[in-house]
Engineer: 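Right, I'll just put the structure down here and ask away after.
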Protein chains: 2
Amino acid sequence: MIYSRSDVHVIQGIFVVPYKSPDAPLPTLADVAEQAGVSTATVSRCLNSPDKVGKSTRDKVMSAVHELGYSPNFGARALAAKRTNTIGAVIPTMDNAIFARGLQAFEEALNENGLTLLVASSNYEPDREERQIRTLIARGADALLLIGYDRDPGIYEFLSRQGIPTVVSWAHDPTQPQASVGFDNRAASRDLAAHVISLGHRNIGYITANTASNDRARDRVRGARDAMEQAGLDPNGLYLAQTRYSIMNGAEACGALLTKHPDITAIMCGNDVLAVGALRQAQKLGLTVPDDISITGFDDIEISLITEPALTTVHVPHRKMGHAAARYLIDTILSDTPPAPVAPLTTDLCLRGTLAAPKSQI
Amino acid sequence: MIYSRSDVHVIQGIFVVPYKSPDAPLPTLADVAEQAGVSTATVSRCLNSPDKVGKSTRDKVMSAVHELGYSPNFGARALAAKRTNTIGAVIPTMDNAIFARGLQAFEEALNENGLTLLVASSNYEPDREERQIRTLIARGADALLLIGYDRDPGIYEFLSRQGIPTVVSWAHDPTQPQASVGFDNRAASRDLAAHVISLGHRNIGYITANTASNDRARDRVRGARDAMEQAGLDPNGLYLAQTRYSIMNGAEACGALLTKHPDITAIMCGNDVLAVGALRQAQKLGLTVPDDISITGFDDIEISLITEPALTTVHVPHRKMGHAAARYLIDTILSDTPPAPVAPLTTDLCLRGTLAAPKSQI
DNA sequence: TAAATAAATGAAAGCGCTTACATTCAACCC
DNA sequence: GGGTTGAATGTAAGCGCTTTCATTTATTTA
């Protein structure tokens with residue numbers, strides 16, 4: 001992949017936001033200290049490591065805190081402690097059950113550990129992703145969750161120079177240097193494709209997202225090709241259609257594929273959303289699924305269960321992955337030594353109603 | 001400046017970026033100032049209001065910035081400027097297309113204005129929500145997005161004392177003092193129910209989320225009762241089933257409702273997720289929808305289009321709402337005077353395949 | 001009981017930035 | 001030409017917290 005860009009490290013606040021101060025100035029640590037009759041150091045300790053303070057002092061301080069309605073100033077805290085207890089995540093979009101579910105689990109795990117989630121979305125655009133990464137760092141994120149490996153190496157360098165622990169998720173590739181918590185898209189796709197082929201399908205279509213800067217999508221296509229090769233078929237015989245993730249796009253791509261290659265007996269899809277679209281389109285064209293044509297998805301999100309027939313797909317443990325990614329980042333932040341690499345998560349074939357042997361074989 | 005690969009090792013075409021701990025301290029404003037031969041004030045101005053600085057000076061400063069790879073320290077900035085350019089949102093869960101989609105739009109709008117989104121989830125638990133609100137404030141959120149009105153008045157008081165602009169969304173009630181960007185759940189539900197009743201349905205079930213601390217759910221039920229009353233029916237004749245949002249729970253509630261009240265001819269649901277579950281359950285019980293029983297949803301999320309038949313529901317403009325909520329908050333922060341109240345967003349009835357006149361009427 | 005040790009607390013030095021105010025200097029006016 | 005003005009820049013005072021180090025007080029030990 002080719003990147004060209006200028007290496008700009010400053011995130012400017014483009015908008016100057018006039019600050020409206022609260023009518024009454026908020027109480028500070030010093031106010032609490034005075035009210036409790038102790039030093040600011042003691043108040044700070046009460047709040048951050050209560051066990052280092054005597055019980056009676058602690059009580060005095062805490063009641064002063066409540067009386068004044070004190071809440072520590074974030075900026076000051078971040079500045080002095082050099083930590084924000086905030087973790088950033090840059091995802092393509094929340095508007096997709098895949099990421100939403102994993103992100104929700106990620107947030108929950110962070111929250112249990114006293115950390116807060118900063119979110120930004122890239123809309124699958126590399127430039128925008130880079131900007132978002134820099135923005136989150138500029139917003140003080142202590143660590144970062146990124147989706148997939150594909151990005152300018154300069155970004156990884158920047159992150160490392162800033163000392164920001166980063167984890168790549170939704171993918172796992174042991175040959176890559178970045179820490180990851182994810183699964184092997186290629187192998188999972190290969191397994192599913194192998195099964196499709198074993199049922200007798202020879203003319204297979206594949207509807208994928210743009211593979212240019214999306215290693216997950218690319219690996220899923222590669223996995224399907226791997227399976228063809230292993231079965232002695234020409235991997236270039238895979239009929240490809242490329243589009244953006246959406247039900248409608250899946251439907252369109254399905255129509256196009258079937259028009260151009262009427263001999264297709266199975267259409268594999270890069271994710272469930274595309275598959276649902278393809279399924280509907282096939283049915284709209286008067287085809288019976290899976291008798292006339294088989295369709296498979298990827299991800300196993302909720303909709304794969306409500307189609308008729310239910311969608312054959314690959315189950316990805318999104319919640320588990322979100323949790324594990326959070327766990328990894330937390331461990332990284334807490335200990336100075338980087339934690340042991342996380343083994344790839346396993347995926348499972350979900351054989352449901354949209355896949356069967358091709359008619360000619362029956 | 002082009003990305004420098006000087007300290008990146010290439011192994012088999014893979015960039016291995018050494019994980020440099022931030023031992024080398026990051027450059028500060030003062031470093032940039034020294035390198036550029038100006039004062040820190042000038043550097044700061046270059047970054048925050050470039051037009052206040054002479055062109056030649058600005059160029060000097062910016063090249064120093066690039067040379068050093070400078071990126072401003074967030075904590076220091078927040079402390080000095082009393083602003084984080086960060087907006088918080090506390091939502092029940094991202095794991096639901098309703099909130100995910102609205103939140104995505106919210107994030108996009110914030111981002112276009114140089115603001116970043118902090119997210120926390122409450123899982124529909126009031127205590128947890130309160131904790132999350134306090135957490136986001138402690139994390140320096142400049143403003144807050146909250147879902148619905150229902151919460152301890154003390155929270156609103158706290159927010160106002162902290163001077164945190166807040167907007168309530170996913171609901172709109174002009175009788176409430178809080179600013180809101182949302183729609184009238186009660187009226188929307190009433191309209192749908194009125195239509196259901198006008199078709200001849202008299203024995204109606206309603207599957208709702210827990211209404212105890214969820215004004216949206218409560219208002220939707222109330223709207224249905226309003227419609228019954230207006231039609232001269234006993235509003236207490238509405239058969240209620242209460243459960244958590246999920247397809248499976250919707251199915252279960254549907255089964256329970258039909259067992260207990262076999263005379264039901266229409267089941268309205270508090271949202272589309274419940275409705276999809278109810279639809280499947282009805283079909284599993286051998287009923288034909290809408291001939292034997294009608295089913296309606298609420299929200300108009302993507303799945304309402306892929307069921308068979310497609311779901312009759314209420315369209316809620318989630319993306320529009322997310323955008324408008326962001327806009328409102330941005331305006332509030334920008335100007336000292338609170339912006340004009342936002343008119344409630346309109347919802348639309350989506351009459352699709354799951355609603356028809358009851359059989360006895362035909 | 002005195003000395004040694006541990007626990008609790010305080011004093012104060014920053015953390016890196018923004019910004020009010022002071023200063024400089026060139027351009028402009030009558 | 002002296003005075004005025006305004007733009008450009010510098011000086012330095014915080015912002016509110018954490019944390020090191022010194023000090024005081026309580027506890028233990030020989």
Side-chain angles (χ1 to χ4, degrees), chain A residues 9-13 16-19 21-22 25-61 64-65 68-85 137-140 142 162-163, chain B residues 22 25-61 64-65 68-85 137-140 142 162-163:
Chain A
H9 294 279
V10 177
I11 313 300
Q12 296 187 19
V16 180
V17 181
Y19 173 69
S21 65
L26 297 174
T28 70
L29 239 214
D31 296 331
V32 176
E34 191 183 353
Q35 168 106 4
V38 299
S39 71
T40 58
T42 298
V43 178
S44 177
R45 276 187 286 256
C46 264
L47 266 27
N48 296 303
S49 33
D51 46 313
K52 285 185 181 163
V53 175
K55 168 116 179 56
S56 66
T57 317
R58 200 189 315 151
D59 291 346
K60 259 192 311 190
V61 169
V65 162
L68 297 173
Y70 171 73
S71 169
N73 176 288
F74 177 65
R77 204 171 211 183
L79 177 57
K82 303 184 190 314
R83 288 192 49 176
T84 62
N85 289 326
I137 299 312
R139 289 285 182 280
D142 289 336
Q162 298 277 326
Chain B
L26 298 174
T28 69
L29 240 213
D31 296 331
V32 176
E34 191 184 352
Q35 168 105 5
V38 299
S39 72
T40 60
T42 299
V43 178
S44 177
R45 276 187 287 256
C46 265
L47 267 27
N48 297 303
S49 33
D51 45 315
K52 286 185 183 162
V53 175
K55 167 113 181 58
S56 66
T57 315
R58 200 189 317 150
D59 291 345
K60 258 192 313 190
V61 169
V65 160
L68 297 173
Y70 171 74
S71 170
N73 175 289
F74 174 69
R77 204 170 213 190
L79 177 58
K82 301 182 188 318
R83 193 195 320 133
T84 62
N85 287 329
I137 299 311
R139 289 286 179 280
D142 289 337
Q162 299 276 326

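Below, read A as the first sequence line, B as the second, and so on, with proteins coming before strands; counting in each chain starts at 1. Excluded from the calculations below are hydrogen atoms, water molecules and symmetry mates; all remaining heavy atoms, backbone and side chain alike, are included.
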Engineer: Can you measure from OG1 (A:Thr40) to CD (A:Glu34) and round to the nearest 0.5 angstrom?
Structural biologist: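 It is 12.0 Å, given to the nearest 0.5 Å.
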Engineer: Measure CG/A:Leu26 against C1'/D:dC17 and give the value in whole Å, please.
Structural biologist: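 Checked: the CG to C1' distance equals 15 Å.
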Engineer: Could you state the NZ-P distance from A:Lys82 to D:dG16, rounded to the nearest angstrom?
Structural biologist: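 Rounded to the whole Å, the gap is 19 Å.
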Engineer: Output the pairing pattern of DNA chain D as a dot-bracket string, 5' first, Watson-Crick or G-U wobble with both distances under 3.5 Å, | for cross-strand pairs, [ ] for crossing pairs.
Structural biologist: ||||||||||||||||||||||||||||||
Engineer: What is the minimum heavy-atom distance between B:Ala36 and B:Ala64, and which atoms define it?
Structural biologist: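 B:Ala36 and B:Ala64 have their closest heavy atoms at CB-CB, 3.9 Å.
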Engineer: To the nearest angstrom, how far is A:Phe74 atom CZ from C:dC17 atom P?
Structural biologist: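 Atom-to-atom, A:Phe74 to C:dC17, this comes out as 16 Å.
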Engineer: Any chance you could lay out the side chain to side chain contact (heavy atoms under 4.5 Å, CB included) test for B:Asp31 and B:Thr28, step after step, and finish with the verdict?
Structural biologist: CA-CA 5 Å; B:Asp31 296 331; B:Thr28 69; 3.5 Å; yes
Engineer: Between D:dT19 atom P and A:Leu47 atom CG, what is the distance in whole Å?
Structural biologist: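 Spelled out: CG on A:Leu47 to P on D:dT19 is 12 Å.
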Engineer: Would you sort out whether A:Val61 and A:Tyr70 count as a side chain to side chain contact (heavy atoms under 4.5 Å, CB included), showing the intermediate values?
Structural biologist: CA-CA 11 Å; A:Val61 169; A:Tyr70 171 73; over 6 Å; no
Engineer: Expressed in angstrom and rounded to an integer, what is the separation of B:Leu29 atom CG from D:dG14 atom P?
Structural biologist: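 Taking CG of B:Leu29 and P of D:dG14, I get 19 Å after rounding.
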Engineer: Can you give me every donor-acceptor pair (side chain of residues 50-57 of chain B, partner residue at least two apart or in another chain, under 3.5 Å) with its distance?
Structural biologist:
residue, atom, partner, partner atom, Å
B:Lys55, NZ, B:Asp59, OD1, 3.3
B:Lys55, NZ, B:Asp59, OD2, 2.7

Engineer: So, using side chain to side chain donor-acceptor pair (under 3.5 Å) as the criterion, who are the partners of A:Ser39 when residues are at least two apart?
Structural biologist: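 Only A:Thr42 meet the side chain to side chain donor-acceptor pair (under 3.5 Å) criterion with A:Ser39.
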Engineer: Check whether any side-chain nitrogen or oxygen of B:Asn48 sits under 4.0 Å from OP1 or OP2 of C:dT18, and answer yes or no.
Structural biologist: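 The answer is yes; a side-chain N or O of B:Asn48 sits under 4.0 Å from OP1 or OP2.
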Engineer: Could you write out each protein N or O paired with an N or O of nucleotides 9-13 of chain D at a distance under 3.5 Å?
Structural biologist:
residue, atom, partner, partner atom, Å
D:dT9, OP1, B:Thr57, OG1, 2.2
D:dT9, OP2, B:Gly54, N, 2.8
D:dT9, OP2, B:Thr57, OG1, 3.2
D:dG10, OP2, B:Ser39, N, 2.9
D:dG10, OP2, B:Ser39, OG, 3.1
D:dG10, OP2, B:Thr42, OG1, 2.6
D:dG10, N7, B:Arg45, NH2, 2.9
D:dG10, O6, B:Arg45, NH1, 3.3

Engineer: Within this structure, what is the CZ-to-P distance between A:Arg83 and C:dG16, rounded to whole angstrom?
Structural biologist: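 Taking atom P of C:dG16 as the reference, CZ of A:Arg83 is at 17 Å.
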Engineer: Once side chain to side chain donor-acceptor pair (under 3.5 Å) is applied, what residue pairs with a partner in residues 76-85 of chain A remain, sequence neighbours excluded?
Structural biologist: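 Only A:Asn48-A:Arg77, A:Arg83-A:Asn85, A:Thr84-A:Asp142 qualify under side chain to side chain donor-acceptor pair (under 3.5 Å).
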Engineer: When you measure from the side chain of A:Leu79, which nucleotide among C:dT18, D:dT18, C:dC15 comes out closest?
Structural biologist: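 From the listed options, C:dC15 comes nearest.
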Engineer: Atom CG of B:Asn73 to atom P of D:dC17: distance rounded to whole Å?
Structural biologist: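 In whole Å, D:dC17 P and B:Asn73 CG are 16 Å from each other.
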Engineer: With a 4.0 Å cut-off on heavy atoms, is A:Thr28 in touch with a base, just the backbone sugar-phosphate, or nothing at all?
Structural biologist: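 Contact class for A:Thr28: sugar-phosphate only.
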Engineer: List for me each residue that meets side-chain contact (heavy atoms from CB on, under 4.5 Å) alongside A:Leu79, sequence neighbours excluded, and say none if there are none.
Structural biologist: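 side-chain contact (heavy atoms from CB on, under 4.5 Å) check on A:Leu79 returns B:Asn73, B:Ala76, B:Leu79.
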Engineer: Side-chain N or O of B:Arg77 versus OP1/OP2 of C:dG16: is the shortest distance under 4.0 Å?
Structural biologist: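 False: B:Arg77 side-chain N/O out of range (4.0 Å or more) of C:dG16 OP1/OP2.
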Engineer: State, with a plain yes or no, whether a side-chain heavy atom of B:Leu26 is found less than 4.5 Å away from one of B:Ser71.
Structural biologist: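 When only atoms from C-beta onward are counted, B:Ser71 and B:Leu26 do not touch, as no gap falls below 4.5 Å.
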